[in-house]
Amino acid sequence: MTIVAGLHAVAEYLRSTPERVLRLSVQRDRRDEALSALIRIARDHDIQVTQVGRDALNRISDGTVHQGIVAHCQEFQPKTEAEFETLFESLTNPFLFAIEGVQDPRNLGACLRSAAGAGVDAVLLPRNRSAPLSSAAFKSASGALSSLFIVGVANLARRIAWLQSQGVWVVGTDDQASKRYTEYDYGSSTLVVVGSEDEGLRALTKDRCDALVAIPMAGSVPSLNVSVASGIVLYECVRQRALRTSSE
């Protein structure tokens, strides 16, 4: 079972995939319109609503800020690689994103939120060496997981090679890269790859990339948080693609 905590995250689940919500636990002594509205939506979908104490919600959410509400949902299952290949066949100019080795579920959730905001077609998430899609990840994603096509990948390097054989250009982020992220042309079919908080991309993944790009830093700060860097590069892709579309 997947626990989704917080007003916004629960609201997104009730809006997009109410069939996956098994029941709600709400704080007994909390009264506000936002919470009441979610309870009404749940009851409209015949979802059970149970009132519990704040301590019980704290235990259920395992420390995630719950804002008085927790949804008990069917376990989140990433799409299979076969399902991804089926999706890929329908894409005319794929915009893809891969997250390698991010260990903090809050960082993972924030990266997924940026991906959803940028409108990527799919997110590739290695099955191993990655933070779990826990309640903390769901909270940081602010409901984005319900709208993203997330693929569980057994071997990212092998999947990158397959995408390259399909005409996708692979761009990795690397603090030491000589090319700035604004100097790359993201207009064609593109996969953007980001790495872990401490180590960045693995050497094998770097070697597989067609290009490596960096975000220039001023002052003494060596690098950005991976979720911030993800948002910057993904939205540069969005900007360039929008310009190309408007000029056609």
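All values derive from a computational prediction rather than experimental measurement.
One finds the CG atom of L7 at 6.5 Å from the CG atom of D32 (value rounded to the nearest 0.5 Å). Separating the CD atom in E236 from the CD1 atom in I232 is a distance of 10.5 Å, to the nearest 0.5 Å. In this structure, E85 CD and S90 OG are separated by 12.5 Å, a value rounded to the nearest 0.5 Å. Between the CD atom in E75 and the CD1 atom in I3 there is a gap of 11.0 Å [rounded to 0.5 Å].
Side-chain contact between R241 and N93: present, with at least one pair of heavy atoms (C-beta onward) separated by less than 4.5 Å. For the pair H72/I60, a side-chain contact is recorded, criterion being any heavy-atom separation below 4.5 Å from C-beta on. Proximity of V168 to W162: side-chain heavy atoms (C-beta onward) are nowhere separated by under 4.5 Å. In this structure the side chain of F88 reaches within 4.5 angstrom of the side chain of L163, judged on heavy atoms. Between V233 and I215, some side-chain heavy-atom pair lies under the 4.5 Å cut-off.
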>> Show, in sequence, the C-alpha distance, side-chain angles and deciding distance for L38 and V26, and conclude whether the side chain to side chain contact (heavy atoms under 4.5 Å, CB included) test is met.
In response: CA-CA 10 Å; L38 296 184; V26 300; over 6 Å; no
>> Test side chain to side chain contact (heavy atoms under 4.5 Å, CB included) on I69 and Q27; report intermediate values, then the result.
In response: CA-CA 6 Å; I69 188 167; Q27 190 171 323; over 6 Å; no
>> Could you walk me through whether E81 and R127 satisfy the salt bridge (Lys or Arg N to Asp or Glu O under 4.0 Å) test, starting with their C-alpha distance in whole Å, then the side-chain angles of each, then the deciding distance to 0.1 Å, before giving a yes or no?
In response: CA-CA 11 Å; E81 294 188 66; R127 296 175 194 163; 3.7 Å; yes
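Placement of V170 and V120 in two distinct hydrophobic clusters is found when ILVMFWY residues are connected by side-chain heavy-atom separations under 4.5 Å, directly or transitively.
Ionic pairing of E100 and K206 is not present here: no N-O contact between side-chain nitrogen and carboxylate oxygen is shorter than 4.0 angstrom.
Figure legend: cation-pi geometry between K179 and Y184 absent, as NZ or CZ is not positioned both under 6.0 Å from the six-membered ring centre and within 45° of its axis.
A side chain to side chain contact (heavy atoms under 4.5 Å, CB included) with I150 is found for exactly one of I99, L124, L112, namely L112. Across D210, L191, T190, L212, a single residue satisfies side chain to side chain contact (heavy atoms under 4.5 Å, CB included) together with V171, and that is T190.
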